[in-house]
Amino acid sequence: MNSRSALVRWLGALTLSACLVPLVAAQPPGGGWGPGGGMGRGMGWQAPAFTEFDLDGNGVLTETEFYQARAQRIAERSQQGYAMRGLSNAPEFSAIDRNGDGQVDATEFATAQAQHRQQRFQTP
């Protein structure tokens, strides 16, 4: 490789870097590309942990606790710059409370998340 082609390659890499840095810096939290990045259908959604919703730590969610934790999560993610798309598709407490006992345990919560995730990846 001669010095001219090495210089051209080096300048090309430098130019590419200069173009990509502003794009990466402008991405929302999570990076914008790849898993958890927010670009494309289904990306960027992180399922909350049951413990994030179990505000009193007793191992079950009441309807009040569920909606309080959901509102808190929405507010936090909105402040972090995440797009608040699909809120109208969020499941209601009654849909998560599979056995209708007025409480949601970790298993019911995980089942609802799996169903919600599956629905997100289905094409309309």
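Since the model is a prediction, treat every value here as computed from it, not as a measurement.
Contact detail for Gln113 and Ala47: the closest heavy-atom pair is NE2-CB, 3.5 Å. Contact between Glu108 and Ile96 at its shortest, heavy atoms only, is CB-O, 3.5 Å.
Every ring-ring contact (aromatic ring centres under 6.0 Å, His included) that Phe93 has, sequence neighbours left out, goes to Phe66.
Atom CG in Leu87 sits 8.5 Å away from atom CZ in Arg70 (nearest 0.5 Å). Taking CD from Gln68 and OG1 from Thr62, the interatomic distance works out to 8.5 Å, rounded to the nearest 0.5 Å. The structure places CD of Gln103 at 7.0 Å from CG of Asn58, a figure rounded to the nearest 0.5 Å. Distance check: Leu61 CG to Asp97 CG gives 10.0 Å after rounding to the nearest 0.5 Å.
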Q.
Run Gln72 and Tyr67 through side-chain hydrogen bond (donor to acceptor under 3.5 Å, both in side chains) and show every step you take.
A. CA-CA 9 Å; Gln72 185 176 340; Tyr67 287 117; over 6 Å; no
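No donor-acceptor pair under 3.5 Å is formed between the side chain of Ser78 and the backbone N or O of Ile74.
Residues in residues 46-69 take part in these salt bridge (charged side-chain N to carboxylate O under 4.0 Å, His left out) pairs, two or more places apart or across chains: Glu52-Arg73.
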